[in-house]
Amino acid sequence: DVKVTQSSRYLVKRTGEKVFLECVQDMDHENMFWYRQDPGLGLRLIYFSYDVKMKEKGDIPEGYSVSREKKERFSLILESASTNQTSMYLCASRPVARGYTFGSGTRLTVV
Amino acid sequence: GDSVTQMEGPVTLSEEAFLTINCTYTATGYPSLFWYVQYPGEGLQLLLKATKADDKGSNKGFEATYRKETTSFHLEKGSVQVSDSAVYFCALSGPNTGNQFYFGTGTSLTVIP
C-alpha cells in the first residue's frame with residue numbers, strides 16, 4: 001500500500017514563528033498536495049506540485065510557501081505563523097489519473 | 001468552475017438504520033466522482049469511486065451511483081453500524097480540474113447503538 005507520512009500529528013507554535021510541515025510518500029507519485037481542513041469549510045487546497053521543483057498555487061496560498069526538492073518529499077512552510085493558521089493540515093499524493101492517498105494529518109495550533 | 005455540494009450535517013442515526021448522504025456536482029466534461037471517509041483523528045481514505053455515468057461504486061456496504069442526468073452521486077448504506085461514525089466527503093476530479101480534486105464540505109455521521 002502507498003504510504004503518505006506526515007512528520008507530526010500535533011504541533012503547537014507561537015505567533016511569528018516559521019513553521020515547517022513535512023510530508024513524504026513512498027510510491028514515486030508525481031503529484032503532491034497540501035490542504036487545510038476547517039469545520040464548515042471542508043478541504044481547501046493550499047499548494048500542489050506535479051514534479052520536483054514545480055509548484056502551483058491552490059485556492060488559499062497566502063501566508064504559505066512550499067518546497068519540493070525531491071520527488072518523495074513535499075514541505076509546507078508557514079513563513080510567519082498566525083493564529084488564523086490554526087488548522088488541520090492534510091498532505092496527499094497521487095499518480096497521474098488516479099485517486100489521492102492522504103496522510104494522517106497534522107493538527108497545528110498557533111498561540 | 002467545477003464544484004461539489006453535499007448535504008449539511010451532522011447526521012445522527014441509530015444502528016441498522018438506512019443512510020443517505022446527498023452529493024451533487026457541477027462540472028464541464030465528464031468528471032470522476034469519489035467518496036472519501038475520515039475516521040476520528042485520521043486522514044481521509046478513499047471509500048469508493050465511479051469514473052463514468054451509470055457506474056456504481058461500492059465498498060464496505062456503501063454504494064453510490066454516478067447519475068449524469070441529475071448530476072448526483074449520493075452515498076447510501078442499508079444498515080449502518082457504530083463503526084461507520086465518521087466524516088464523509090464527496091469529491092470530483094476531471095478533465096478540467098487539472099491534477100486536483102474538488103471536495104465537498106463534509107458530512108459528519110454519528111451512529112448510536
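Residue numbers start from 1 in every chain, and the chains themselves are labelled A, B, ... in the order their sequence lines are given, proteins ahead of strands. Values below: every heavy atom of this structure, side chains too, minus hydrogens, waters and symmetry copies.
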Contact part of A:Leu45 toward chain B, heavy-atom cut-off under 4.5 Å: side chain, backbone, both or neither?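 Answer is side chain: those atoms of A:Leu45 sit under 4.5 Å from chain B.
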Region of A:Arg9 in contact with chain B, defined by heavy-atom distances below 4.5 Å: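 For A:Arg9, side-chain heavy atoms alone lie under 4.5 Å from chain B.
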Is [X] linked to [Y] within one hydrophobic cluster, defined over Ile, Leu, Val, Met, Phe, Trp and Tyr using a side-chain heavy-atom separation of less than 4.5 Å?
| X | Y | result |
| --- | --- | --- |
| B:Tyr39 | B:Val11 | yes |
| A:Leu76 | A:Val24 | no |
| B:Tyr102 | A:Leu41 | no |

A:Tyr100 and B:Phe34 aromatic centres sub-6.0 Å: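 No; B:Phe34 has its ring centre 6.0 Å or more from that of A:Tyr100.
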Mind listing the closest non-hydrogen atom pair of B:Leu44 and A:Leu43 along with its distance?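 Looks like CD2-CD2, 4.0 Å.
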Among A:Arg107, A:Gln6, A:Met88, A:Gln37, residue most engaged with chain B (heavy-atom pairs, under 4.5 Å):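 Ranked by contacts with chain B, first place is A:Gln37.
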What residue in A:Ser104, A:Ala92, A:Pro39, A:Gly40 has the most heavy-atom pairs under 4.5 Å with chain B?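 Going by pairs under 4.5 Å, I would pick A:Ser104.
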Proximity breakdown for B:Gln45 and chain A, heavy-atom pairs closer than 4.5 Å: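 Looking at B:Gln45, nothing touches chain A.
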B:Phe101 side chain near A:Phe33 side chain, heavy-atom distance below 4.5 Å: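 Of all side-chain heavy-atom pairs linking A:Phe33 with B:Phe101, none is under 4.5 Å.
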Counting only heavy atoms not in A:Glu79 (residues, nucleotides, ligands), do more than 12 fall under 6.0 Å from its CD?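 Above 12, so yes.
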Is it the case that more than 12 heavy atoms not belonging to B:Glu15 sit under 6.0 Å from its CD atom?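 More than 12 within 6.0 Å, yes.
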Would you sort out whether B:Tyr36 and A:Phe102 count as a ring-ring contact (aromatic ring centres under 6.0 Å, His included), showing the intermediate values? CA-CA 10 Å; B:Tyr36 280 81; A:Phe102 280 90; 5.6 Å; yes
